[in-house]
Amino acid sequence: MADLRSEFVGIKSPNPFWLASAPPTDKEYNVRRAYEAGWGGVVWKTLGSEGPPVVNVSGPRYGVIYGADRRVLGINNIELITDRPLEVNLREIKSVKRDYPDRALVVSLMVPCDEASWKAILPLVEETGADGVELNFGCPHGMAERGMGSAVGQVPEYIEMVTRWVKQNTRMPCIVKLTPNITDVRKPAEAAKRGGADAVSLINTINSITSVNLDDFAPEPMIDGMGTHGGYCGPAVKPIALNMVAEIARNAETAGLPISGIGGVTTWRDAAEFMALGAGNVQVCTAAMTYGFKVVQEMISGLSEYMDRKGMVSTSEIVGRAVPKVTDWQYLNLNYVTKAVINQDDCIKCGRCYAACEDTSHQAIAMDEDRTFTVKDEECVACNLCVDVCPVDCITMRELAKGETDPRTGREVGDYANWTTHPNNPSSASFCGLRPAE
Amino acid sequence: MTNSQLTPGVVPGRLSPQEYDANFADVAPPLDAHEAQVAADRCYFCHDAPCMTACPTSIDIPLFIRQIATGTPEAAAKTILGQNILGGMCARVCPTETLCEGDCVRMESEGKPVEIGALQRFATDRLMAAGKHPFTRAAPTGKSVAVVGAGPAGLSAAHRLAMHGHEVTIYDARPKPGGLNEYGIASYKAPEAFASAEVAWLLQIGGITVMQNWQMGRAGDGTLDDLLADHDAVFLGMGLSGVNALNLPGEELAIPATDFIAALRQTEDLSTLPIGRKVVVIGGGMTAVDAAVQAKLLGAETSTIVYRRSQGEMPASEHEQDHALGCNVRLICNAAPVAIHAVEGGLEVEFARTETTGAGLRKLDDTFRLKADQVFTAIGQTLGATPAEIRLAGGKIAVDGAGRTSLSRVWAGGDCALGGEDLTVTAVAEGRDAAEDMHKFLMGE
Ligand SMILES: Cc1cc2nc3c(=O)[nH]c(=O)nc-3n(C[C@H](O)[C@H](O)[C@H](O)COP(=O)(O)OP(=O)(O)OC[C@H]3O[C@@H](n4cnc5c(N)ncnc54)[C@H](O)[C@@H]3O)c2cc1C
Ligand SMILES: Cc1cc2nc3c(=O)[nH]c(=O)nc-3n(C[C@H](O)[C@H](O)[C@H](O)COP(=O)(O)O)c2cc1C
Ligand code: SF4
């Protein structure tokens, strides 16, 4: 079995699977059971300053998006940071860390935006023996209105300032957790780096309304007839999170800054994908909330089987491996041509590819009397929609060899050439159209 | 309980009340809301869906399943009933394994179709339980139509005609409407008087008068000419009221399986219905299976189907055969009856082994006898008396695609008419399509 041991900003854990700061990590009881189930580390549910803790609503705090068979695709929540007293959390953190020294234990923090508040809490956390802190600049509801959470995370200058305070006031590694509720995630990441962050983690939840109650005409979850936006997470947000991780990983300003990947990680494969795009480890919340702590066992066995199959001995061999392959559209090879091919033996004749291509793509699939579906190469633009909608995965893309003629365009497949040099591109040297008069 | 399964002869009360209840309960219990959701989620919403093509009434199956999946079962029911007004009964009795479900693309991928029949029942049950009738009549046309037979074909035609604004009178020879839905379908397929509830629901459309105990051609009732004199058009949906004869010595000792089933369907308390200790059913179709299975469920010690050809050639579907075998019905194939003998303490049916040669089925000299207390024949139904002037073909009323017979102003559909399988759903489709053609005719189009 592959060695899954992971080291992230100097914090060691037996595997790269951590529980994200959220209800699964809100108390000693949970965290002990999570460690017993196999989780490599946890980020403790976000702590606030000393004094009376925040209060949560006492009605429903989650909304949901389902796929077929009520499979949870996404959850949104209107929960706040921990609603238990600071001293209780600190005492429990200390006790758990003492009993599980080999597991990672990072403490998530969110205190008011002044240096004194940070100065006050950091020594208390250090005293527990925790491995590091994560600054929660992401929570999109409830805390932002009080000038914390995403209210900080949306202003790069604040991120930099707070991060610097933290680094000046503790020896612990500092991870800055980013909010996705911004236009360009590279900016807050750069700010964190400037402030001295050891790493960033992302994404926190996305502003969202999951559903509207059509009897009461209010967003759900509904609290006494009213609703508010919450934070969206789970499998549905994974594509957004992957892109944000990749953006940071391939940005020259932040290249090399360790990333903890979060957002929809549900299986070993999701984790491996985050890691390939540059995440040093992953954090998980919704998958645990949906299926319980045991899901980590599939992640462990799956990742190690994959690594064995690939002959990899360390998770670091995965980390960042796909980053060089992430590019901008304009550099994609426009002379790369594929055609959809339907495997007739596996086709179940549902006709979904036909409906999709005929109604919404390029009318490139023919349907016979006997429901045999075939691709018309002279029409197929290789958009991949048929592949995507086929329920039995019987459609693949065939790559045309160099020199082969594309029946759609009548042109031979040529060498690599991208948009920057394309004759249709007004800013390319070989532009073939009319330029506006100077 | 005075009698048991071993009591000789033909006696009632072979089982306990609980056993009767269990044996005749819904053979395919309805889906609950959760099960329906799970089942509906499996539909791929195919393009030009094969299931829809396989349905004789062309119900838009992917659409109604999507309507269930999105929490609108009553809209789903409307999609179903718009094509097939007896969608509730069809959901229970259609041999879906050879129709819609047989062509479900999931058969190809997993061998397990989407449960279309059960979903159809889920939707239609919900609408009917709400007591809603989703169709209304068009403005009265002043035209009047006679429908002969209150079976699936006649009811379907009558409903469609009434919807178009015509006045409809249904004439039926039996005391209750429904045709074989009421008198023929196996009782465990549509328990709890579903057939009569469905007819009452269907009649809510209005504009339909039902005349029971009126048999076309019977002295005192009336003739086709009488109907043509009183109405602008006539639809014949008389089904098959005769049965094929065995043509062998002792055949008077046998009972048509359809009579046995009709009696069973009309018996309120099944413990009062006498059944033989040993029952032999001659035939190999759906009727043979239903008779043999229900005989067994009534407490017969043995119930045996004897079919003259091989098992693979049985008209009863594999699913039906499995059901019979699962109910401990015995199956003997390649044996044809030669005589029925009255013997001390009961009957004996004498069979000859058969073989199929190039020249057809041949009886061999090898014979055997089966003891029986009751012998049922299920070797096919035939058209009852029809007006001499109407053209027949292949023992049925000749019709064109829209159900027009050789007589002007007379249409026919269902089992009595040529074409299509003898199934409830086919009868519904033919009644509906004939009604559309009649409507065009009546409106002078
Ligand atoms: C035992 C048995 C089991 C079956 N099981 C199934 C099944 O599980 N699934 C399935 O799809 N199909 C089944 N069928 C077939 C199905 O019942 C028929 O195909 C269907 O009922 C035909 O409908 P219909 O309206 O043409 O005729 P019928 O249902 O036979 O109705 C004809 C009506 O016409 C009336 N009538 C007849 N003659 C006259 C007259 N001269 N004047 C006035 N009224 C008259 C009759 O009283 C009857 O009400 C079964 C048939 C039998 C016999
Ligand atoms: C109910 C709930 C409460 C959360 N509370 C916190 C929190 O207190 N602090 C924090 O940093 N993130 C919080 N999160 C965000 C998660 O840590 C995580 O970033 C997000 O759910 C995306 O990961 P996932 O797709 O695996 O769930 C919370 C998420 C949920 C569902
Ligand atoms: S790849 Fe796109 S264009 Fe080509 S056949 Fe499939 S759906 Fe049509």
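Since we're looking at a predicted model, the values are computed, not measured. In what follows, chains carry the letters A, B, and so on, assigned in the order in which the sequence lines appear, proteins first and then strands, with residues in each chain numbered from 1.
- With hydrogens and angles disregarded, a donor-acceptor distance shorter than 3.5 Å links the side chain of A/Thr360 to the backbone of A/Ala356.
- Both tests pass for B/Arg66 against the ring of B/Phe45: distance under 6.0 Å to the centre and angle within 45° of the axis.
- The part of A/Cys347 that comes within reach of chain B is its backbone (N, CA, C, O), which places non-hydrogen atoms under 4.5 angstrom from that chain.
- Partner of B/Arg92 under the side-chain hydrogen bond (donor to acceptor under 3.5 Å, both in side chains) criterion, chosen from B/Thr124, B/Asp125, B/Asp26: B/Asp125.
- Between B/Ala393 and B/Leu418, the shortest heavy-atom distance links the atoms O-CD1, 3.4 Å.
- Scanning residues 101-113 of chain B against chain A with a 4.5 Å heavy-atom cutoff picks out B/Val105, B/Glu108, B/Ser109, ordered by number.
- Of the two parts of A/Arg70, only the backbone, made up of N, CA, C and O, holds a non-hydrogen atom closer than 4.5 Å to a non-hydrogen atom of chain B.
- In this structure, A/Arg352 and B/His47 have side chains that are not in contact, with every pair of non-hydrogen atoms separated by 4.5 Å or more.
- The choice from A/Cys394, A/Pro391, A/Ala355 that makes the most heavy-atom pairs within less than 4.5 Å of chain B is A/Pro391.
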Report, one line per pair, each donor and acceptor closer than 3.5 Å where one atom sits in a side chain of residues 53-61 of chain B; sequence neighbours left out.
| residue | atom | partner | partner atom | Å |
| --- | --- | --- | --- | --- |
| B/Thr53 | OG1 | B/Ala49 | O | 3.3 |
| B/Thr57 | OG1 | B/Asn84 | ND2 | 3.4 |
| B/Asp60 | OD1 | B/Leu63 | N | 3.3 |

**OP:** List the steps, then state whether side chain to side chain donor-acceptor pair (under 3.5 Å) holds for A/Thr372 with A/Gln344.
**Re:** CA-CA 8 Å; A/Thr372 301; A/Gln344 299 299 338; 5.1 Å; no
